[in-house]
Amino acid sequence: MENKIAISVIVPAYNAEKVVENCVSSILKQSFRNIEVIAVDDGSKDSTRKVLEKLANADSRVRLIKKDENQGLSAARNSALEIATGEYVGFVDADDWVEEHTLEKMFQEGKGADLIVSGYKHDTMDENRQQVDISREVKMKAGFWDKKEEVISKAAYIDTSKMFAYTWNKLYKRKIIKEKALDFSKQVLIEDFIFNTEFWNEIITLSVVDCTGYHYVKASKDALTQKFLPDFLEIMNLRFDCMKNLLKKNDVYVGVCKEQVANIYIKHAIAGIVRNCSPAGEYSFKEQYSRVKKLLKDTHSKEARQNAKGNSKQEKVCNLVFKSKLAIANLLLGKTIYAMQTKSKTAFDKLK
């Protein structure tokens with residue numbers, strides 16, 4: 001039993017030759033040694049595979065899956081889950097890194113929970129990824145819950161705290177993934193979110209630890225909120241439905257939980273308006289206006305307006321404009337945010 005792997009850390013990599021060595025090395029340098037790293041070269045066209053082969057040859061804890069064709073993030077993770085042996089499974093993105101004591105702290109303070117959640121640092125780097133312009137700590141108060149109703153209710157709260165939608169700040173009991181045959185869907189942008197709602201529905205115990213050792217790294221040029229996605233509204237509606245269904249199935253879609261889900265939806269809806277302001281969408285002002293009108297008439301938007309009660313300044317502003325049901329007001333807010341973000345991404349990041 002002493003040789004049993006405690007944590008399988010999965011690292012999918014695609015064309016990540018410039019960052020993946022730093023990522024995997026940070027995992028191998030963990031003070032917690034009882035781990036395996038399953039790196040997946042997802043059909044990279046650059047030297048990613050050579051970098052991973054070098055790391056695997058230097059440390060027997062690295063296992064390498066080589067794919068000849070790029071199959072996408074979800075397929076890469078699913079292939080790694082098939083061979084993972086750890087008591088827990090964790091995920092690290094190839095362009096991120098983890099501080100030395102992160103896994104030890106999560107494992108030791110997680111108290112054996114089915115799911116262990118930590119905070120993280122959101123690092124915004126310059127466009128050449130040479131220096132960190134802004135680093136924000138994202139965390140919440142530590143706690144342990146073993147009553148199903150409380151565990152499920154915490155999903156909405158943790159989502160409000162910006163700690164739900166990712167896999168890389170969590171350790172998952174592999175036994176549950178295996179027994180329930182859980183895997184990652186091909187849905188773009190929210191594959192982590194969907195996986196988390198499915199996993200959350202199966203757990204009995206939940207632990208949130210006071211740790212922010214994971215570094216979620218984004219170069220300023222990579223800001224997702226600037227990228228145009230034509231089906232962003234549909235994706236956000238699916239996100240809303242996944243969380244709502246999780247809460248409803250467990251009879252906790254009431255009161256504060258309802259409010260939290262609504263607040264989050266409105267913030268994402270406005271983020272969608274911001275994306276539509278991108279030149280990549282090639283929308284005229286009239287078309288942008290028409291898309292906002294469609295958004296405001298959507299049944300998800302109507303439900304969100306009924307239930308939302310903002311707490312933070314950001315939520316209150318977003319809710320006020322969204323609840324006005326005025327397409328022009330919402331569009332102008334989106335254009336203002338887009339302009340701020342384009343002018344200074346790091347300054348905008350401070351407002352989050």
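This is a predicted model, so every value here is computed, not measured.
At a threshold of 4.0 Å, the pair Glu53-Lys66 counts as salt-bridged, since one of the basic side-chain nitrogens sits closer than that to a carboxylate oxygen. Between Glu87 and Lys4, no side-chain nitrogen of the basic residue sits less than 4.0 Å from a carboxylate oxygen of the acidic one, so the salt-bridge criterion is not met. The residues Lys147 and Glu149 are annotated as not salt-bridged, no charged nitrogen and carboxylate oxygen being separated by less than 4.0 angstrom.
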Check your understanding: Should Asn196 and Lys170 be marked as a side-chain contact (heavy atoms from CB on, under 4.5 Å) after you check the CA-CA gap, both sets of side-chain angles, and the distance that decides it?
Key -> CA-CA 10 Å; Asn196 284 338; Lys170 299 173 180 67; 3.9 Å; yes
Point to revise | Working for side-chain contact (heavy atoms from CB on, under 4.5 Å), residues Cys211 and Thr102 | key: CA-CA 7 Å; Cys211 175; Thr102 303; 4.0 Å; yes
Exercise for review: Could you go through the side-chain contact (heavy atoms from CB on, under 4.5 Å) check for Val117 and Val209 one step at a time?
Suggested key: CA-CA 6 Å; Val117 182; Val209 299; over 6 Å; no
Check your understanding: When you look at Trp97 and Val217, which way does the side-chain contact (heavy atoms from CB on, under 4.5 Å) test go after all the steps?
Key -> CA-CA 8 Å; Trp97 65 280; Val217 180; 4.1 Å; yes
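Counting only distance, with no hydrogens or angles, the side chain of Ser25 and the backbone of Asn22 share no donor-acceptor pair below 3.5 Å. Remark: the backbone N or O of Tyr157 is paired with a side-chain donor or acceptor of Ser161 at under 3.5 angstrom. Using a distance-only test at 3.5 Å, with no hydrogens or angles considered, no donor-acceptor pair links the side chain of Asn319 to the main chain of Ile266. Listed for the Thr48 side chain is a donor-acceptor partner under 3.5 Å among the backbone atoms of Glu17. Although no hydrogens or angles enter the test, the distance criterion places a donor-acceptor pair under 3.5 Å between the side chain of Lys173 and the main chain of Gly112. At least one donor-acceptor pair under 3.5 Å links the side chain of Asn263 to the backbone N or O of Glu259. No side-chain donor-acceptor contact under 3.5 Å links Glu104 to the backbone of His101. Asn70 places a side-chain N or O within donor-acceptor distance of the main-chain N or O of Asp42, the cut-off being under 3.5 Å. Checked by atom type and distance alone, the side chain of Ser301 never pairs as donor or acceptor with a backbone atom of Lys297 at under 3.5 Å. Looking only at distances, no side-chain donor or acceptor of Asp96 sits under 3.5 Å from a matching main-chain atom of Cys23.
Scanning for salt bridge (charged side-chain N to carboxylate O under 4.0 Å, His left out) contacts around Glu303 gives Lys244, with sequence neighbours left out. Legend: residues meeting side chain to side chain donor-acceptor pair (under 3.5 Å) with Gln71, ordered by chain and number and at least two apart, are Lys67. For the salt bridge (charged side-chain N to carboxylate O under 4.0 Å, His left out) test, residues two or more places apart in sequence or in another chain that qualify with Lys54 are Glu21.
Between Phe322 and Leu333, the closest side-chain pair of non-hydrogen atoms is not below 4.5 Å. Annotation: side chain of Phe193 is not in contact with side chain of Gln187 (no heavy-atom distance under 4.5 Å). In this structure the side chain of Val62 reaches within 4.5 angstrom of the side chain of Leu28, judged on heavy atoms. In this structure the side chain of Tyr265 never reaches within 4.5 angstrom of the side chain of Met243, judged on heavy atoms. By the 4.5 Å heavy-atom criterion applied to side chains, Glu202 and Leu115 are not counted as neighbours. Cys277 places none of its side-chain heavy atoms less than 4.5 Å from the side chain of Tyr283. Residues Ile235 and Val188 are in side-chain contact: their nearest non-hydrogen atoms beyond the backbone lie under 4.5 Å apart. Side-chain contact check for Ser44 versus Arg49: every heavy-atom pair is 4.5 Å or farther apart.
Cluster annotation: Leu326 is not connected to Val317 through the hydrophobic network of ILVMFWY side chains, with a link wherever side-chain heavy atoms come within less than 4.5 Å. Linking ILVMFWY residues whenever their side-chain heavy atoms come closer than 4.5 Å, directly or via other members, places Met236 and Leu331 in the same cluster. The hydrophobic cluster containing Val19 does not contain Met125, counting ILVMFWY residues as joined when their side-chain heavy atoms lie under 4.5 angstrom apart, directly or transitively. When the side chains of ILVMFWY residues are joined at heavy-atom separations under 4.5 Å, either directly or via intervening members, Tyr338 and Ile328 end up in a single hydrophobic cluster. Hydrophobic clustering of Ile, Leu, Val, Met, Phe, Trp and Tyr side chains at less than 4.5 Å, counting indirect connections, keeps Ile152 apart from Ile264.
Cation-pi check for Lys286 over Tyr289 is not met; the charged atom does not lie both under 6.0 angstrom from the ring centroid and within 45 degrees of its normal.
Atom OG of Ser290 and atom CG of Asn276 lie 10.5 Å apart (nearest 0.5 Å). Here the straight-line distance linking atom SG of Cys257 with atom CG of Asn250 works out to 10.5 Å at 0.5 Å rounding. Here the straight-line distance linking atom CD1 of Ile7 with atom CD1 of Ile116 works out to 7.5 Å at 0.5 Å rounding. Going from atom CD of Glu99 over to atom CD of Gln30 covers 9.0 Å, rounded to the nearest 0.5 Å. Here CG of Leu81 is found 8.0 Å from CG of Asp183. Values are rounded to the nearest 0.5 Å. Note: Arg61 CZ to Ser8 OG = 12.5 Å, rounded to the nearest 0.5 Å.
Inspection of the Ser185 and Glu191 side chains reveals no N or O donor paired with an N or O acceptor under 3.5 Å. Residues Ser135 and Asp123 have side chains that bring a donor and an acceptor to within less than 3.5 angstrom of each other. Side-chain contact, Thr167 with Asp192: a donor N or O sits under 3.5 Å from an acceptor N or O. For the residue pair Tyr253/Asn245, the side-chain donor-acceptor check at 3.5 Å is not satisfied. With no hydrogens or angles considered, no side-chain donor-acceptor pair links Ser74 and Lys186 at under 3.5 Å.
No close placement of the Tyr166 and Tyr214 rings is indicated, their centers lying 6.0 Å or farther apart.
In terms of heavy atoms, Val40 sits closest to Ala80 at CG2-CB, 4.0 Å. For the residue pair Pro12 and Arg77, the shortest heavy atom distance occurs at CG-CG, 3.8 Å. Listed here is the closest heavy atom pair of Lys139 and Asp210: CD-OD1, 4.2 Å. The two residues Ala13 and Ala16 come nearest to each other via the heavy atoms CB-CB, 4.3 Å. Heavy-atom minimum distance, Val98 versus Ile27: CG2-CG1, 4.0 Å. Among all heavy-atom pairs drawn from Ser324 and Asn330, the shortest one is OG-ND2, 4.1 Å.
Put simply, the residue from Leu233, Ile190, Asp231 that forms a side-chain contact (heavy atoms from CB on, under 4.5 Å) with Leu238 is Ile190. Checking each of Phe195, Tyr172, Phe164, Trp145 against Trp200 for a ring pair (Phe, Tyr, Trp, His ring centres under 6.0 Å) leaves exactly one that passes, namely Phe164.
Within a 6.0 Å sphere centred on CD of Glu234, other residues, nucleotides and ligands contribute more than 12 heavy atoms. Other residues, nucleotides and ligands contribute only 12 or fewer heavy atoms inside 6.0 Å of the CD atom of Glu282.
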